[in-house]
Each structure stands twice: as C-alpha cells, then as structure tokens.
**Student:** 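The structure that follows is given in the form of structure tokens.
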Amino acid sequence: MQAGESPLAFFLRTQANSETKKIAEEVQAAEASKKDAFWQASQGQRSRVDYLLPGVHVKPVNGKGRGLVAEEAILAGTVVLRERAVAAVPVRAEDCERPILSSCRLAVALLSTRQEAATKALEPRAGREFEEHGLRRARTAELVEGRGFVRAKSAANATPLEDDALDRLLLVLTLNAHGVMLPGGQMHQGLFAEVGAMVNHSSRPNLVFHGAGVSNKDGHDELQLILQTVRDVQANEELTISYLSELYLPFPERDERLQEMYGFAAERLPTDPGLEAQVPNAPAQATQRVIAANGAADDAWERAAALRAKLAEEPEDEQRKRLQQQVQQQEVASAQHYAALLNENLLAETHAWRYNATWRLASLLTRPGAPKSCAKALPLWDSALRAGRRVWPSENWPEH
C-alpha cells in the first residue's frame with residue numbers, strides 16, 4: 001500500500017475489476033457533486049475571486065479529483081487567477097521545524113471568524129473520505145498536538161468542533177493552504193478555498209504563484225494569491241503548480257516528500273536520469289563522502305534560514321547581533337561542506353545535489369558583494385545556469 005492510500009483505494013487499484021472500478025468512480029463522483037452543491041449554496045454571492053481568466057474552469061481531472069483546466073490556449077506570462085484568502089497568517093520562524101503550527105494558527109483564524117464552512121468541499125471531505133485518508137493515520141501525533149493548540153488559542157466565541165471535525169480541518173489546511181511570499185519577502189500561509197485550492201501538483205508545472213497585499217472595502221489589507229503561466233498552455237490542458245518549494249530534485253527525494261506531505265506519488269520525468277547522473281568510474285569511497293557533505297551542508301543551510309527568520313522577528317539589538325553571528329557561522333559551515341561536495345567531482349553537472357551545491361555556494365559568495373568573492377562565484381553561476389536550463393519547466397521560470 002502506498003503512503004497516504006486508503007484500504008479502499010488500494011483494493012480498487014490492485015484487485016478490483018474494471019466494472020467495480022467504474023461503479024466506485026460513479027459513486028465517488030455523485031458524493032462529490034452533492035458536497036460541492038452544498039458548499040456552493042453555502043457560499044452565496046460572497047466570492048473572493050477577484051479575477052479568473054475567461055475559459056479557465058474547475059473540472060474533474062482523471063485520477064486527480066478536481067483541477068483547473070484551460071478551455072482555450074493561453075500565452076506565457078498571463079495572469080490566470082487573483083483570489084483573496086478566506087484567512088491568512090504570517091509564517092513564523094518556529095514553523096520551519098513544526099509545519100503543523102501554521103495550519104493551527106490558520107484554523108484558529110477560521111474558527112474565530114466562523115468561516116470554517118469554506119473548507120466543506122475541500123479534500124479530504126467529511127465522512128468516509130476523511131475516515132479512510134492515509135495521512136490521518138500517518139499524522140495522528142501531529143493532529144493531536146494541533147488540536148490542543150487550536151483549543152488553547154481559540155477565542156471563547158469560536159465555533160466549537162468535535163475531535164474528528166477539528167482533525168479534518170487541520171488536515172484540510174495542511175493539504176490545501178498555500179504559502180505565498182509578498183513582494184517585501186514576508187511569507188504568509190493562506191487558504192484560497194474557491195479556486196486556488198483546486199489547483200493540482202506537477203513536477204513540471206505550467207503555473208507559478210506568488211502573493212500580493214490588497215485593500216478591501218473596509219480598508220484592511222488582505223492576502224491575494226496570483227497564478228501566472230510560465231509557458232504557453234494548450235487548449236484543454238490542465239493548469240498546475242508545484243507543491244514543492246524545490247523543482248530540482250531527483251525522483252526518489254521528490255517522491256518521498258510528496259508521499260510524506262500529501263500522500264501521493266511523484267510522476268517520472270524525462271530529465272530524471274540527468275538529475276541522478278554521476279561521473280563514470282568515480283572512486284567508491286567518494287560516494288560516502290558526498291552523502292555526508294550534502295547532508296551536513298543542507299542542515300547548515302536550513303539552520304541559517306531558520307535563524308534569519310528569527311532575526312527578522314527580533315527587536316532587541318544585542319540578541320540581533322548574536323543571531324547575525326550564528327547565521328554567519330551556519331553560512332560558513334554550509335559553504336565549506338558544499339565546496340567539499342563539489343571537490344569530489346563525483347556528480348555530473350546536472351545532478352540535483354551538485355546543482356543545489358553550486359547555486360547555493362555561488363549565492364553565499366555573491367552576498368557580501370566583494371569583487372574577489374563575486375569573481376569566484378561567476379563560474380558557479382555559469383554551471384548552475386547550464387544545468388538548470390535542462391530541467392526547468394520554461395525559459396520564463398523565475399530562476400531561469
């Protein structure tokens with residue numbers, strides 16, 4: 001059984017005949033239609049979609065439930081959607097280590113404003129779909145922790161929910177909310193329940209998403225999700241985003257993250273062999289050294305990112321100085337380990353680990369702005385650009 005797969009889904013995939021599968025699909029479609037009708041009726045006229053490109057609709061997508069589909073061709077760079085969040089919260093430094101916390105704060109915001117009904121049509125939906133969802137079992141400890149957090153932080157007038165209903169709300173938010181960055185660099189977690197939450201994942205997406213702050217009629221700022229095409233889209237093509245923050249990942253890592261975070265498997269890409277390619281006839285001992293260097297470098301890089309997030313929230317000057325020193329220490333450590341990985345010359349230029357080491361080391365060298373340091377970074381940037389062009393989904397991709 002695959003991670004996140006329910007017993008019923010496993011039976012249908014491995015043992016059921018075509019007639020049984022067809023009946024199951026018809027029943028599931030009928031249940032989804034009833035729930036969608038209830039949700040749409042509950043929404044009334046209070047749409048939070050400010051703009052949806054004509055000809056783009058939410059439709060059933062084979063094997064994926066619902067998705068966003070373009071009925072007509074769309075040019076690269078076209079804005080497809082602008083939708084304001086039902087609720088949004090800033091992402092804090094502690095969320096890097098405990099991602100459930102941003103979902104908890106989002107749940108508190110929804111319950112405090114009595115807008116939890118906006119999640120009724122989102123997967124996993126109440127009933128059998130939630131009860132049999134694989135991630136419900138896999139994340140039991142997180143959900144129990146989150147349940148306690150939400151109840152402790154919710155206002156006295158917040159909508160009370162039973163354990164199962166609150167667990168479902170947290171799982172829905174974990175699977176359907178978007179982390180979007182505003183132009184100033186602030187990261188927020190928002191729920192865009194009408195259209196944004198319906199967009200499916202692809203490891204070669206044709207959409208990129210970002211955020212904006214917009215003022216509503218009361219003069220308050222709201223978080224807006226913007227979806228924009230990164231390549232030309234054909235008529236009747238599904239519109240997709242990447243659920244992963246990194247596109248440049250070898251298949252085993254991509255698959256592991258998607259299974260763990262969302263409960264479905266990654267698709268294979270024609271570029272996967274390049275993402276895993278090694279230099280032929282390399283010494284066997286180099287493999288272990290590369291694995292150790294990559295792990296140590298990634299850990300230091302992530303610790304530096306977490307410290308920078310704390311630094312942004314810290315008002316005290318003395319504490320800021322200490323955090324700045326710790327950031328610098330972690331950046332030096334990551335640079336040393338990435339340099340060690342590259343010096344082994346084990347991985348091909350297109351390998352995901354080498355690519356990440358190359359651009360991260362280049363960015364660390366470039367950051368101080370010193371001419372000598374920037375000159376050392378130029379060959380690294382050149383290598384990263386050569387490798388990236390082979391796997392990025394479009395020449396219009398932001399990192400291109």
**Student:** Ignoring hydrogens and geometry, is there a side-chain-to-backbone donor-acceptor pair from Glu83 to Gly196 under 3.5 Å?
**Tutor:** yes

**Student:** Any side-chain heavy atom of Val180 sitting closer than 4.5 Å to one from Phe209?
**Tutor:** yes

**Student:** Is any side-chain heavy atom of Leu143 closer than 4.5 Å to a side-chain heavy atom of Glu145?
**Tutor:** no

**Student:** Between Tyr262 and His201, is the ring centre distance below 6.0 Å?
**Tutor:** no

**Student:** Does Leu249 offer a backbone N or O that forms a donor-acceptor pair with the side chain of Tyr355 under 3.5 Å?
**Tutor:** no

**Student:** Does atom CD of Glu246 have more than 12 heavy-atom neighbours from other groups under 6.0 Å away?
**Tutor:** yes

**Student:** If you define the side chain from C-beta out and look only at heavy atoms, does anything of Gln326 sit under 4.5 Å from Arg303?
**Tutor:** no

**Student:** When you compare the side chain of Gln329 with that of Val332, does any pair of heavy atoms fall below 4.5 Å?
**Tutor:** no

**Student:** Just so I know, are the side chains of Thr78 and Val233 near enough to count as touching, which here means a heavy-atom distance under 4.5 Å?
**Tutor:** no

**Student:** Is it true that Lys59 and Glu238 have a side-chain N and a carboxylate O under 4.0 angstrom from each other?
**Tutor:** no

**Student:** Salt bridge check: are Arg322 and Asp317 linked by an N-O gap of less than 4.0 Å?
**Tutor:** no

**Student:** Is the backbone N or O of Cys374 less than 3.5 Å from a side-chain atom of Thr366, with the two atoms forming a donor-acceptor pair by type?
**Tutor:** no

**Student:** Report yes if the side chains of Gln324 and Leu311 come closer than 4.5 Å at any heavy-atom pair, otherwise no.
**Tutor:** yes

**Student:** Under a 4.0 Å N-O cut-off, is there an ion pair linking Arg386 with Glu349?
**Tutor:** yes

**Student:** Where the side chain of Gln228 meets the backbone of Val208, is there a donor-acceptor pair that is under 3.5 Å apart?
**Tutor:** no

**Student:** Less than 4.0 angstrom from a charged side-chain N to a carboxylate O is my criterion; do Arg84 and Glu222 meet it?
**Tutor:** yes

**Student:** Would you call Arg308 and Glu331 a salt bridge, using N to O less than 4.0 angstrom?
**Tutor:** yes

**Student:** State yes or no: do Ile100 and Leu166 share one hydrophobic cluster built from I, L, V, M, F, W and Y residues joined by side-chain heavy-atom distances below 4.5 Å, directly or via other members?
**Tutor:** no

**Student:** Salt-bridge test for Arg151 and Asp163: reply yes if a basic N is under 4.0 Å from a carboxylate O, no otherwise.
**Tutor:** yes

**Student:** Picking from Leu223, Leu81, Val86, Val49, what satisfies side chain to side chain contact (heavy atoms under 4.5 Å, CB included) with Phe192?
**Tutor:** Leu223

**Student:** Where do Val91 and His188 land on the side chain to side chain contact (heavy atoms under 4.5 Å, CB included) test, with the steps shown first?
**Tutor:** CA-CA 5 Å; Val91 175; His188 286 68; 5.5 Å; no

**Student:** Give a yes or no on whether the backbone of Val108 and the side-chain of Ser112 come within a donor-acceptor separation of less than 3.5 Å.
**Tutor:** yes

**Student:** Looking at Arg147 and Asp167, does any basic side-chain N land under 4.0 Å from a carboxylate oxygen?
**Tutor:** yes

**Student:** Starting from Val279, can I reach Leu341 by hopping between I/L/V/M/F/W/Y residues whose side chains sit under 4.5 Å apart?
**Tutor:** no

**Student:** If the test is side chain to side chain contact (heavy atoms under 4.5 Å, CB included), which one of Leu258, Asp255, Leu135 qualifies with Phe264?
**Tutor:** Leu258

**Student:** Relative to Phe130, does Arg125 satisfy both conditions: NZ or CZ under 6.0 angstrom from the six-membered ring centre, and within 45 degrees of the ring's axis?
**Tutor:** no

**Student:** For the CD atom on Gln328, are there more than 12 heavy atoms of other groups (residues, nucleotides or ligands in this structure) within a distance under 6.0 Å?
**Tutor:** no

**Student:** Flag the pair Arg289 and Glu344 as a salt bridge only when some basic side-chain nitrogen lies within less than 4.0 angstrom of an acidic carboxylate oxygen.
**Tutor:** yes

**Student:** Report whether Leu101 and Met187 are members of the same hydrophobic cluster (ILVMFWY, side-chain heavy atoms less than 4.5 Å apart, transitive linking).
**Tutor:** no

**Student:** Does Leu182 belong to the same Ile/Leu/Val/Met/Phe/Trp/Tyr cluster as Val79, with side-chain heavy atoms less than 4.5 Å apart forming each link?
**Tutor:** yes

**Student:** Looking at Lys321, I'd like to know if its NZ atom is crowded, meaning that more than 12 non-hydrogen atoms belonging to other residues, nucleotides or ligands lie closer than 6.0 Å.
**Tutor:** no

**Student:** If we check side chain to side chain contact (heavy atoms under 4.5 Å, CB included) with Ile74, which of these qualifies: Val56, Asp232, Asn206, Leu207?
**Tutor:** Val56

**Student:** Test your reading of the model: is there a side-chain donor-acceptor pair from Thr119 to the backbone of Glu116, 3.5 Å cut-off?
**Tutor:** yes

**Student:** Would you kindly say whether Tyr338 and Asn343 are connected by a side-chain donor-acceptor distance under 3.5 Å?
**Tutor:** no

**Student:** Examine distances only and state if a side-chain atom of Arg66 and a backbone atom of Leu122 form a donor-acceptor pair shorter than 3.5 Å.
**Tutor:** no

**Student:** Is there a donor-acceptor contact under 3.5 Å linking the side chains of Asp50 and Gln224?
**Tutor:** yes

**Student:** Let's go through Trp359 and Trp353 carefully: what are the C-alpha distance in whole Å and the side-chain angles of both, what is the deciding distance for ring-ring contact (aromatic ring centres under 6.0 Å, His included) to 0.1 Å, and is it a yes or a no?
**Tutor:** CA-CA 10 Å; Trp359 80 259; Trp353 289 5; over 10 Å; no

**Student:** Is it the case that one hydrophobic cluster holds both Val230 and Val69, taking links as side-chain heavy atoms less than 4.5 Å apart, direct or via other members?
**Tutor:** no

**Student:** Side-chain contact test, heavy atoms from C-beta onward, threshold under 4.5 Å: evaluate it for Pro270 versus Arg204 and give yes or no.
**Tutor:** yes

**Student:** Do Gln319 and Leu323 come close enough that some side-chain heavy atom pair is under 4.5 Å?
**Tutor:** yes

